Amino acid sequence: MPELPEVETVRRGLHDLILKRRVASVWHDNPKSFPNAEHDVAGFLIDSEIIDVRRRAKILLIDLSTDYTLVIHLKMTGQLVFVADTVRFGAGHPNDSLVHALPDKSTHVSFEFKDGSHLYFNDQRKFGWVKLIPTLEVPDIDFMKKVGPEPLEADFTASEFAARFARRSKTSIKAALLDQTVVAGVGNIYADESLWGARIHPKRLVSSITKKEFEDLYTDLREVMNLAIAKGGSSNHTYINAEGKKGSYMDFARVFRREGLECPRCGTTIIKFRAAGRGTHICPNCQKI
DNA sequence: CACTTGACCTGTCCGC
DNA sequence: TGCGGACAGGTCAAGT
């Protein structure tokens with residue numbers, strides 16, 4: 001599900017909602033969703049206090065006062081939703097946008113805090129996971145060692161962006177954009193949206209992309225991701241933020257999931273096909289091979 | 001090493 | 001209404 005803007009939206013919400021709360025208990029129903037040693041849970045999660053909520057690429061990092069960290073990947077359908085009160089729902093309640101109370105059948109991990117509030121990890125497809133790891137060991141995780149730079153960092157430049165693609169020169173630009181070791185956090189939505197912005201066909205070989213095109217792609221990727229964060233991310237039927245609310249970026253999408261509609265730049269009908277193994281949307285007039 | 005494909009799961013939608 | 005197949009915002013382990 002979530003790409004960088006959605007994970008960042010969840011991070012910001014969690015930061016406001018769970019900082020300084022103390023963990024009372026944890027429940028799970030699936031070892032793949034929560035594959036942690038019992039003695040670590042008992043010794044370093046229970047009774048710990050949330051001291052920070054960070055993000056790297058599409059991974060959330062919830063730091064605990066015990067020098068352990070909850071490392072969380074939402075994959076396709078994961079959600080982290082904070083619920084202050086599981087009893088009363090309805091108009092005016094902070095979670096009134098939820099169509100039903102949590103936990104539900106997709107809840108696979110649940111944290112209860114000392115004040116009675118809960119953090120639910122819901123995951124329809126069970127690809128996501130929550131791992132409890134010593135904070136100092138987080139950088140040693142294989143993914144963390146190989147993941148590329150954060151594209152929205154102020155000191156990340158267009159020339160650095162272009163240089164990252166060097167070792168993926170024989171694949172398509174879309175496959176390379178989706179490769180987390182090239183640049184962190186890009187997924188299917190923002191790959192299509194940024195390629196449309198830069199007028200690049202997703203099947204173009206990386207080796208054929210000009211310096212100017214890399215500069216345009218860099219600029220548009222940052223613009224589109226910053227806009228998406230400002231709009232609270234993109235929501236399909238599975239994505240909601242930490243308060244249970246949907247994001248509105250899809251109201252601003254130019255090509256993603258808009259096949260059959262007009263290109264907002266030239267009016268040509270947007271088409272969908274497969275590229276890099278993923279559903280891919282382009283304007284066939286603006287983006288040519 | 002670089003690249004592509006299948007697998008991991010569950011739910012939904014679309015055509016017969 | 002039922003059934004089969006494709007597909008869904010991600011990544012990893014295999015295969016070539």
Side-chain angles (χ1 to χ4, degrees), chain A residues 1-10 29-35 55-60 71-80 99 104-109 121-131 141-148 164-196 202-207 221 224-225 227-229 231-241 246-260 272-281:
Chain A
M1 139 182 109
E3 307 180 29
L4 188 156
E6 289 74 35
V7 179
E8 176 61 17
T9 299
V10 172
D29 73 346
N30 177 18
K32 288 189 177 173
S33 300
F34 192 65
R55 178 190 59 76
R56 175 75 171 99
K58 301 172 189 171
I59 289 184
L60 280 162
V71 181
I72 303 173
H73 203 308
L74 303 174
K75 292 290 181 84
M76 298 283 268
T77 58
Q79 308 172 336
L80 278 172
V99 291
D104 65 16
K105 64 189 291 192
S106 76
T107 303
H108 295 112
V109 187
F121 176 74
N122 304 324
D123 188 14
Q124 183 177 100
R125 292 174 73 180
K126 299 184 186 171
F127 290 170
W129 40 256
V130 178
K131 296 176 185 175
I141 299 169
D142 285 347
F143 180 91
M144 291 296 190
K145 284 191 288 192
K146 65 186 188 188
V147 69
R164 297 290 306 174
F165 287 82
R167 75 206 152 80
R168 299 301 313 266
S169 61
K170 290 181 70 177
T171 193
S172 68
I173 186 67
K174 176 151 179 176
L177 257 184
L178 293 174
D179 181 342
Q180 299 299 294
T181 71
V182 173
V183 176
V186 185
N188 206 31
I189 300 177
Y190 304 106
D192 282 6
E193 289 288 289
S194 59
L195 287 167
W196 177 89
K203 289 192 173 177
R204 291 262 311 281
L205 240 42
V206 169
S207 57
L221 179 64
V224 82
M225 283 192 160
L227 173 63
I229 291 171
K231 299 301 174 188
S234 300
S235 280
N236 65 6
H237 66 108
T238 59
Y239 173 73
I240 51 178
N241 69 16
K246 292 178 177 295
S248 67
Y249 176 80
M250 284 307 295
D251 296 341
F252 301 84
R254 290 89 52 97
V255 288
F256 191 80
R257 249 188 266 135
R258 291 178 53 80
E259 62 271 29
K272 181 179 181 182
F273 55 91
R274 278 193 103 65
R278 313 294 299 275
T280 299
H281 313 73

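Predicted model only: the values in this text are computed from it and were never measured. In what follows, chains are A, B, ... by sequence order, proteins preceding strands, each numbered from 1. Heavy-atom basis, side chains included; hydrogens, waters and symmetry copies ignored.
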Nearest-Å distance for atom pair [atom1]/[atom2], residues [X] and [N]:
X	N	atom1	atom2	value
A/Phe143	C/dG10	CZ	P	11 Å
A/Arg56	C/dT11	CZ	P	12 Å
A/Asp179	B/dT5	CG	P	16 Å
A/Leu178	C/dT11	CG	P	9 Å
A/Leu177	C/dG10	CG	P	12 Å
A/Ile59	C/dT11	CD1	P	8 Å
A/Arg278	B/dG6	CZ	P	15 Å
A/Phe273	C/dA8	CZ	P	13 Å

Give one of base, sugar-phosphate or nothing for [X], where a contact means two heavy atoms less than 4.0 Å apart.
X	answer
A/Thr171	sugar-phosphate
A/Arg257	base
A/Ser33	nothing
A/Gly233	nothing
A/Ser169	sugar-phosphate

Exercise. Tell me the partner of B/dC9, counting only Watson-Crick (N1-N3 plus N6-O4 or O6-N4) or G-U wobble (N1-O2 and O6-N3) with both under 3.5 Å; none if nothing fits.
Key: none
Can you tell if the side chain of [X] reaches within under 4.5 Å of the side chain of [Y], non-hydrogen atoms only?
X	Y	result
A/Val71	A/Trp129	yes
A/Val255	A/Glu193	yes
A/Ile59	A/Phe143	yes
A/Lys203	A/Thr280	no

Quiz prompt | Distance, P atom - from C/dA14 to B/dC9, rounded to whole angstrom | solution = 15 Å
Practice problem: Give a yes/no answer on whether the side chain of A/Arg274 brings an N or O atom under 4.0 Å of OP1 or OP2 in C/dA6. | Solution: no
Practice problem: Look at A/Gln180 and C/dT11 and indicate whether a side-chain polar atom (N or O) is within less than 4.0 Å of OP1 or OP2. | Solution: yes
Quiz item: Between A/Leu60, A/Val109, A/Ile240, A/Asp123, which is the residue that forms a side chain to side chain contact (heavy atoms under 4.5 Å, CB included) with A/Leu80?
Solution: A/Leu60
Quiz item: What string of B, S and - do you get for nucleotides 8-14 of chain B 5' to 3' if you count protein non-hydrogen atoms under 4.0 Å?
Solution: BBBS---
Quiz item: So, does A/Lys246 use its side chain to make a donor-acceptor pair with the main chain of A/Thr238 at under 3.5 Å?
Solution: no
Quiz item: A/Arg168 side chain: which of C/dG10, C/dT11, B/dC3 is closest?
Solution: B/dC3
Quiz item: Do A/Phe121 and A/His108 have ring centroids that are under 6.0 Å from one another?
Solution: no
Exercise. Could you list the residues that satisfy salt bridge (Lys or Arg N to Asp or Glu O under 4.0 Å) with A/Lys174, not counting sequence neighbours?
Key: A/Asp192
